> 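One structure, pasted below without further comment.
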Amino acid sequence: MDQSLCLLLPFFLGLLHRGLGGPLEVEPPDPVVAVSLGGSRQLTCRLACAGHRAPSVQWRGLDTSLGAVRSDAGRSVLTVHNASLSAAGPRVCVGSCGDLTFQRTVQLLVFAFPAQLTVSPVALVAKQDREVACTAHNVTPVSPEALSLSLLLGDRELEGVQALGRDVEEEPQQGEDLLFRVTERWLLPPLGTPTPPTLHCQATMKLPGLELSHHQPIPVLHRLTSQEPPVTTSPKAAPELSSTHSPRSPGPPPGNSSTRPCRPEIHQSPAPGGLELLCEAACGPGMSASWTQAPGGLEAYERQEAGALARLSVLWARCNPEGWFQCRLDPGGQMASLYLVPEICPPTTSAALWPGSLVLGLLFLAFLTHRLWRRCRSAG
């Protein structure tokens, strides 16, 4: 029995040497290395032998997805080009110094995380929309540990938000790689006063040695009706929403405009049957304000423009489309914009006449059928 153990001892020593990975150096040294779908990555394995023994180093793996290997004395370089999902898996570097054999295993992880975020709704209406959804498209892996979606207010997560669920669906395949779309839904808390101008959906991909994120803004709009107090927007150009909304206040007296930049402001006030929008700038003489954009075209609205004051009438009866109103101050070209959500439109005349037209059409069809039946009977 002792003789048998002596015979097996070299075999066990050989297994121990194969399990050791001390002399082998792999760059990058992480046991899991991530590479983006369609991207490239290089793995380098080195071995130095004591004495005058020549080292032998070689990457091994599945022949179909190993990658391009270039080896020389004491070094082997593995390059993965245009990585596909099938390229994921283990890569083994095997090195030897004479009778001693060593190996290191690296797990290659292929991920997909393009900047393809969508939100629903595309814009929130303050005090009206409570539910929001964010979707990351063409992604993998999709486990919650790897991919997370969150709502941000500024640079922090929105407090008080309630998660409603997470859905994972397959994207329509355009090749051999199977990708997914992940949707997260939330119930919003009251956004407070003043209402923030923008929320952000953030998608984060966390992998070993790698963390990526993408953002999609969600504008927060103010619903404007004839019963609400006037609201002022900041002079940012569309489509960005202003960061301040405050009651209209009188500007500084003439001749004191140098205390602040000369910018236009849009105010709204109730008017019979709708609203009146006022674009004005308290910048002294020589300035002119004019409307440059309105839903459906400026021709659909009544306008009055005189100096640094421009008026525009919005009549709810006309069922104006939802969208941006924009005015311009010259000289200088400073812009101000306002997003308006109209009240519910009344039924149109054509919609009211449609049932009557349908009844007349049915009566005419019945009359025509009766005439044809009598003619066929007479011919018989």
Side-chain angles (χ1 to χ4, degrees), residues 34-39 85 109-175 177-223 233-234 236-245 322-324 337 339-341:
V35 57
S36 62
L37 182 67
L85 295 183
L109 176 63
V110 181
F111 71 94
F113 188 53
Q116 298 178 6
L117 290 180
T118 58
V119 293
S120 178
V122 294
L124 298 171
V125 178
K127 301 180 182 180
Q128 175 177 317
D129 292 320
R130 293 295 310 278
E131 187 174 325
V132 64
C134 180
T135 302
H137 296 268
N138 296 303
V139 295
T140 190
V142 295
S143 65
E145 296 77 17
L147 178 67
S148 62
L149 297 170
S150 57
L151 279 180
L152 301 184
L153 175 58
D155 57 354
R156 297 183 180 182
E157 288 196 22
L158 180 63
E159 296 182 357
V161 68
Q162 178 182 346
L164 297 179
R166 179 186 177 103
D167 299 322
V168 179
E169 301 175 290
E170 293 183 7
E171 292 277 22
Q173 285 186 261
Q174 299 179 353
D177 297 319
L178 179 59
L179 302 177
F180 301 89
R181 60 175 174 265
V182 179
T183 301
E184 193 90 27
R185 295 178 292 110
W186 301 276
L187 186 64
L188 296 175
L191 297 179
T193 303
T195 303
T198 308
L199 299 179
H200 283 85
C201 168
Q202 175 177 276
T204 303
M205 178 74 74
K206 291 184 179 180
L207 301 173
L210 182 68
E211 181 171 337
L212 303 172
S213 63
H214 301 308
H215 296 80
Q216 176 66 31
I218 312 173
V220 181
L221 311 178
H222 287 248
R223 184 176 181 84
T233 65
S234 74
K236 293 184 179 179
E240 292 191 11
L241 189 67
S242 67
S243 58
T244 58
H245 291 264
E322 174 182 345
W324 288 99
S337 58
Y339 196 97
L340 186 63
V341 181

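Predicted, not measured: the structure shown is a model, and the values here were computed from it.
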> Roughly how far apart are I218 CD1 and C134 SG, rounded to 0.5 Å?
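Answer for the CD1-SG pair, I218 versus C134, is 6.5 Å.
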> Which distance, rounded to the nearest 0.5 Å, do you find between the CG of L164 and the CZ of R130?
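Here the interatomic distance stands at 10.0 Å.
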> Kindly compute the distance separating CG (D167) from CZ (F180), expressed to the nearest 0.5 Å.
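If I round to the nearest 0.5 Å, the distance is 14.0 Å.
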> Under 4.5 Å between any side-chain heavy atoms of L85 and L37, yes or no?
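They are in side-chain contact.
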> May I ask you to decide if the ring planes of H200 and H215 are parallel, tilted or perpendicular, using 30° and 60° as cut-offs?
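The arrangement is perpendicular - the two ring planes meet at more than 60°.
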> If you take all heavy atoms of L149 and A203, which pair is closest and at what distance?
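Residues L149 and A203, closest heavy atoms: CD2-CB, 3.4 Å.
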> Below 4.5 Å, heavy atoms only, C-beta onward: do V110 and S36 meet side chain to side chain?
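When only atoms from C-beta onward are counted, S36 and V110 do not touch, as no gap falls below 4.5 Å.
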> Between CD of E211 and OG1 of T204, what distance do you get to the nearest 0.5 Å?
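Going from the CD atom of E211 to the OG1 atom of T204 covers 6.0 Å.
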> Taking C-beta and beyond as the side chain, do L187 and V161 meet within less than 4.5 Å on heavy atoms?
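The answer is no; the side chains never approach within 4.5 Å.
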> Restricting to non-hydrogen atoms, name the atom on P196 and the atom on L153 that form the minimum distance, rounded to 0.1 Å.
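Heavy atoms of P196 and L153 come nearest at CB-CD1, 3.5 Å.
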> Using a 4.5 Å cut-off on heavy atoms from C-beta on, say whether the side chain of R181 contacts that of P172.
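A side-chain contact under 4.5 Å exists here.
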> Please name the pair of heavy atoms, one in P141 and one in L147, separated by the smallest distance, quoted to 0.1 Å.
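Here P141 and L147 meet closest at O-CB, 3.9 Å.
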> Given side chain to side chain contact (heavy atoms under 4.5 Å, CB included), test F111 with V139 step by step and report yes or no.
CA-CA 7 Å; F111 71 94; V139 295; over 6 Å; no
> Taking side chain as C-beta onward, heavy atoms only, is V182 less than 4.5 Å from T135?
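No; the side chains remain at least 4.5 Å from each other.
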> Using every non-hydrogen atom in the two residues, find where P114 and N138 come nearest and quote the distance to one decimal.
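Of all heavy-atom pairs spanning P114 and N138, the closest is CD-O, 3.0 Å.
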> Apply side chain to side chain donor-acceptor pair (under 3.5 Å) to the pair H137 and E171, showing each step before the final yes or no.
CA-CA 8 Å; H137 296 268; E171 292 277 22; 3.1 Å; yes
> With the side chain counted from C-beta on, respond yes when V220 and P197 share a heavy-atom pair under 4.5 Å apart, and no when they do not.
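No, their side chains stay 4.5 Å or more apart.
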> Would you say that L109 contacts V35 through its side chain, given a criterion of any heavy-atom pair below 4.5 Å between the two side chains?
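No. Closest side-chain heavy atoms not under 4.5 Å.
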> Rounded to the nearest 0.5 Å, what separates atom OG1 in T140 from atom CD in E170?
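Answer for the OG1-CD pair, T140 versus E170, is 10.5 Å.
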> Using side-chain hydrogen bond (donor to acceptor under 3.5 Å, both in side chains) as the criterion, list what pairs up with E131, not counting sequence neighbours.
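In terms of side-chain hydrogen bond (donor to acceptor under 3.5 Å, both in side chains), with neighbours along the sequence ignored, E131 is linked to no residue.
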> Test your reading of the model: is there a side-chain donor-acceptor pair from R166 to the backbone of E184, 3.5 Å cut-off?
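Not at all, since once roles are kept as given, no pair shorter than 3.5 Å links the two residues.
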> Could you check if a side-chain atom of L158 sits within less than 4.5 angstrom of a side-chain atom of L188, using non-hydrogen atoms only?
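L158 vs L188: side chains touch.
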> Passes side chain to side chain contact (heavy atoms under 4.5 Å, CB included), L199 versus L124? Steps please.
CA-CA 9 Å; L199 299 179; L124 298 171; 3.8 Å; yes
> Would you compute the distance between atom CG of L179 and atom CZ of F113 and round it to the nearest 0.5 angstrom?
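With rounding to 0.5 Å, CG (L179) is 13.0 Å from CZ (F113).
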